2 protein chains.
Amino acid sequence: MTSFPGTELAKRGGAPDCVQTIELVRDVLARVGDKWTLLTITALASGPLRFTALHEQVAGVSQRMLSQTLRALTRDGLVTRTAYPEVPPRVEYALTPLGRSLSEAVDGLVHWVRSHQGDIARNRDEFDRTPVAKTPRQRL
Amino acid sequence: MTSFPGTELAKRGGAPDCVQTIELVRDVLARVGDKWTLLTITALASGPLRFTALHEQVAGVSQRMLSQTLRALTRDGLVTRTAYPEVPPRVEYALTPLGRSLSEAVDGLVHWVRSHQGDIARNRDEFDRTPVAKTPRQRL
DNA sequence: CGGGATCCATACTGATACTG
DNA sequence: CAGTATCAGTATGGATCCCG
């Protein structure tokens with residue numbers, strides 16, 4: 001369960017090395033978990049798309065955010081950016097093998113969420129409904 | 001590759017239903033990918049811990065953030081909060097079965113990252129080193 | 001000891017306007 | 001078409017003080 005090599009020791013001691021790994025894991029998770037990345041990757045999953053196509057498809061994203069997201073993904077080598085020197089500029093984005101690889105890895109989480117979203121929803125619901133029990137205290 | 005039921009259709013059409021799922025997936029991913037969650041879960045992976053213990057172990061987290069993170073995790077039913085009515089207050093946090101389940105699911109990503117961090121680092125490095133070629137600009 | 005309530009600095013985001 | 005630059009509102013994280 002989330003076992004990094006040396007986690008046990010590092011945790012109870014003072015972590016020097018594995019922290020780097022955790023940082024990177026979180027970094028990747030943060031990117032994937034960011035507001036537009038998952039939508040963007042999903043959109044590209046079925047094939048290359050142009051900027052405008054993505055902009056329409058992701059629905060809700062601003063040019064700015066889409067641009068940023070794509071640059072970040074490109075930087076990590078998860079997506080390729082191909083510009084064709086044509087009269088009306090044309091740029092296509094596509095998932096790289098690495099991108100697809102990550103996409104598949106993410107699938108695990110996706111499935112987990114799909115099969116446990118009920119539990120989470122139920123827990124949240126109960127937690128929110130609970131007046132003042134476990135939660136220390138509160139005043140209105 | 002990140003295949004949600006009906007993703008293909010929804011993508012090329014106009015997504016109504018699966019969007020909800022994606023939203024929730026992103027929601028969970030965002031939580032896991034948030035700055036302190038992964039560290040916190042990892043810390044709790046080897047057993048229950050008190051607030052202060054966590055505070056020391058996670059290293060760098062403020063009381064506020066730790067408190068928030070724990071409340072969010074508790075709300076989702078991923079962590080339990082047990083307060084013992086003793087003279088010096090004592091509260092223990094522990095992963096729930098659901099929490100461990102998620103933790104295991106996250107392992108997939110962890111392993112992916114571990115085996116591809118080299119690629120990512122290399123890509124970023126190259127991307128950043130590239131002056132101003134095709135990529136409009138560099139830097140985030 | 002375990003947080004809640006506040007205040008403040010900064011990061012992030014969206015809307016808008018402007019280019020090659 | 002495919003972005004970038006700018007500005008303003010908002011969300012986020014940390015530091016601090018305080019109370020049960």
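Only this structure's heavy atoms are used, side chains among them; waters, hydrogens and symmetry mates stay out. Because the structure is a prediction, the values reported are computed rather than measured. Naming: A, B, ... by sequence-line order, numbering from 1 per chain.
Side chain of B:Ser101 to main chain of B:Pro97: no donor-acceptor pair is present (N/O by atom type, distance under 3.5 Å, no hydrogens or angles). Between the side chain of B:Ser103 and the main chain of B:Gly99, no donor-acceptor pair closer than 3.5 Å is present.
The existence of a salt bridge linking B:Glu92 and B:Arg90 is confirmed by a sub-4.0 Å separation between a basic side-chain nitrogen and an acidic carboxylate oxygen. Under a 4.0 Å N-O distance rule, the pair B:Arg75/A:Asp125 does not qualify as a salt bridge. A salt bridge links B:Asp27 to A:Arg124: at least one charged side-chain nitrogen sits closer than 4.0 Å to a carboxylate oxygen.
An OP1 or OP2 oxygen of D:dA2 is reached within less than 4.0 angstrom by no side-chain nitrogen or oxygen of A:Ser67. For B:Tyr93, a side-chain nitrogen or oxygen approaches OP1 or OP2 of C:dG3 to under 4.0 Å. A sub-4.0 Å separation between OP1 or OP2 of C:dG4 and a side-chain N or O of B:Arg71 is present.
Rounded to a whole Å, the CZ atom of A:Arg90 is 13 Å from the P atom of D:dG3. One can place CG of A:Leu49 at 15 Å from C1' of D:dA2, the figure rounded to the nearest angstrom. The separation between B:Arg50 atom CZ and C:dG3 atom P is 10 Å, rounded to whole Å. The nearest whole Å value for the distance from the CG atom in A:Leu66 to the P atom in C:dA15 is 14 Å. As a whole-Å value, the separation of B:Leu70 CG from C:dG4 P is 10 Å. Taking atom CG on B:Leu54 and atom P on C:dC1, their separation rounds to 15 Å, with Å as the unit. Here the P atom of nucleotide C:dG3 and the CG atom of B:Leu73 are 13 Å apart, to the nearest Å. One atom, NE2 of A:His55, and another, P of C:dT16, lie 12 Å apart when rounded to the nearest Å.
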Per-nt protein contacts along nucleotides 11-17 of chain D (heavy atom under 4.0 Å; B base, S backbone sugar-phosphate only, - none) come out as --BBB--
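What you find for B:Arg100 and B:Leu44 is that their closest heavy atoms are NH2-O, 4.5 Å.
Checked against side chain to side chain contact (heavy atoms under 4.5 Å, CB included), A:Val61 has the following partners two or more places apart in sequence or in another chain: A:Trp36, A:His55, A:Val58, A:Met65, A:Leu66.
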